[in-house]
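Counting convention: from 1, in listed order, for ligands and their atoms alike.
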Amino acid sequence: MDIRTKVVHGCKGYDSNTGAVSFPIYQSATFRHPGLKQTTGYDYSRLQNPTREELENTIAILENGEWGFAFSSGMAAVSTILSLFAPGDHIIVSDDLYGGTYRLFEEVYRKYGMEFSYVDTSDIEAVKASIRSNTAAMFIETPSNPMMKVSDIAALSELAKALRALLIVDNTFLTPYFQRPLDLGADIVVHSGTKYLGGHNDTLAGLIAVKDAGLSDSLKLVQKSEGAVLAPFDCWLMLRGIKTLSVRLEKQQENAFKVARWLCGHRLVDRVYYAGLPEHEGYELSKRQASGFGAMVSFTVREASLVERVLGSVKTIIFAESLGGVESLITYPIVQTHSAIPDNMRERLGVNDRLLRLSVGIEAAEDIINDLEQALG
Ligand SMILES: *Cc1c(COP(=O)(O)O)cnc(C)c1O
């Protein structure tokens with residue numbers, strides 16, 4: 001079945017008890033046992049809840065996995081994955097990544113004796129050079145955030161398998177609509193559902209999908225023990241958002257192309273980073289491993305002094321953190337999403353004081369462009 005159909009119908013899709021076409025919100029913390037040692041399949045909502053189960057099965061279906069998990073935020077999902085590792089384990093991490101993930105690794109997990117190397121994972125040789133005897137996993141974002149570097153998921157998966165290490169892919173930017181890492185050999189896919197999957201800038205959520213039964217058991221154990229589960233109402237909002245994933249992403253991508261091309265021709269814009277531009281380093285690889293380029297566009301302006309003007313003058317585009325929703329947002333990574341990343345690492349990556357990041361929404365492309373035009377002045 002085509003993914004455009006899968007997103008609409010989810011797993012069960014409707015409530016078999018009543019026929020309700022909108023999957024119900026089972027707002028119950030606990031469930032009545034039919035008798036001693038008997039269960040309806042639901043006992044207590046931290047363990048499982050019908051609305052969450054529908055969302056978890058839906059993300060598993062969309063990612064071509066077997067099992068899905070839903071968490072209270074993307075970071076709760078990433079943290080759950082990190083709980084699979086032990087002191088002394090080493091993880092190779094994309095150096096250009098979400099700042100909150102870097103903070104979680106460095107300021108929370110490092111003190112438990114885990115080791116992290118931040119590497120340009122779009123460079124296989126650099127990844128090979130960072131392998132240690134205790135390398136237990138690779139954690140990548142592709143396209144990366146905010147520089148849009150593209151890593152070869154299949155090649156990294158082979159490398160990881162040879163080491164008996166896990167390949168974990170944060171698929172937030174492209175979603176399963178454009179990219180399915182499990183099909184390319186990844187072991188775990190993780191999402192901030194807050195972004196494109198939810199799609200309306202109204203709900204925090206985290207999602208995981210896996211194919212392997214052992215991994216699923218381990219994740220389930222952490223999920224029910226730590227309890228950072230997604231609430232039934234928020235599961236329902238995610239299910240509702242996912243139904244329109246295909247139309248939103250097609251429109252957002254179409255707009256992103258127009259905005260990226262327009263930015264390329266603006267005299268006050270220095271560089272444009274969008275994997276859909278043929279001159280982008282990751283263009284060919286993106287075409288091979290994904291069916292689209294997404295709608296995140298980063299660019300540098302010629303003078304740092306322009307940044308404040310742009311952020312202060314945008315009207316249609318909202319100056320706010322986050323991405324992936326129907327509203328176009330503009331972010332200043334150096335002070336917002338990437339403030340936790342040390343200066344020298346940011347400099348190496350190119351996350352400088354002239355870099356802005358756009359999450360292109362579903363508005364009319366002309367209005368987004370006109371807004372940028374007047375904001376650039
Ligand atoms: C936002 C984001 C996260 C964190 O997700 P939350 O839902 O904010 O906790 C992780 N990875 C990427 C790529 C993100 O954009």
Could an N or O of ligand 1 be found under 3.5 Å from any N or O of [X], whether backbone or side chain?
| X | answer |
| --- | --- |
| T194 | yes |
| L204 | no |
| D170 | yes |
| S192 | yes |
| G74 | yes |

### Message
Count I, L, V, M, F, W, Y as connected when their side-chain heavy atoms are under 4.5 Å apart, and connections chain through other members. Are V351 and V119 then in the same cluster?
### Response
no
### Query
Is I318 reachable from I330 through a run of I, L, V, M, F, W or Y residues, each pair having side-chain heavy atoms under 4.5 Å apart?
no
Within ligand 1, which atoms have a heavy atom of [X] less than 4.0 Å away?
| X | result |
| --- | --- |
| S73 | 7 (O), 9 (O) |
| T172 | 12 (C), 13 (C), 15 (O) |
| A205 | 7 (O) |
| L323 | 15 (O) |

### Query
With a 4.5 Å limit on heavy-atom distance, are the side chains of M114 and F105 in contact?
no
#### Entry: Partner set under side chain to side chain contact (heavy atoms under 4.5 Å, CB included) for D202, not counting sequence neighbours
H200, L237
### Query
Any chance the rings of F139 and F116 have centres within less than 6.0 Å?
no
## Note on the structure
In this structure, atom 2 (C) of ligand 1 is nearest to the protein heavy atom K195 NZ, 2.5 Å
### Message
Would L97 count as a contact residue for ligand 1, given that I'm defining contact as a non-hydrogen atom of the residue lying under 4.0 Å from a ligand atom?
### Response
no
#### Entry: Distance-only polar pair, side chains of T244 and R248, donor-acceptor under 3.5 Å
yes
### Task
Measure from NZ or CZ of K195 to the centre of the six-membered ring of Y98 and say whether it is under 6.0 Å with the direction within 45° of the ring axis.
yes
Kindly list each side-chain donor-acceptor pair under 3.5 angstrom involving residues 156-169, sequence neighbours excluded, with atom names and distances?
| residue | atom | partner | partner atom | Å |
| --- | --- | --- | --- | --- |
| S157 | OG | K161 | NZ | 3.2 |
| S157 | OG | G185 | O | 3.2 |
| K161 | NZ | G185 | O | 2.9 |

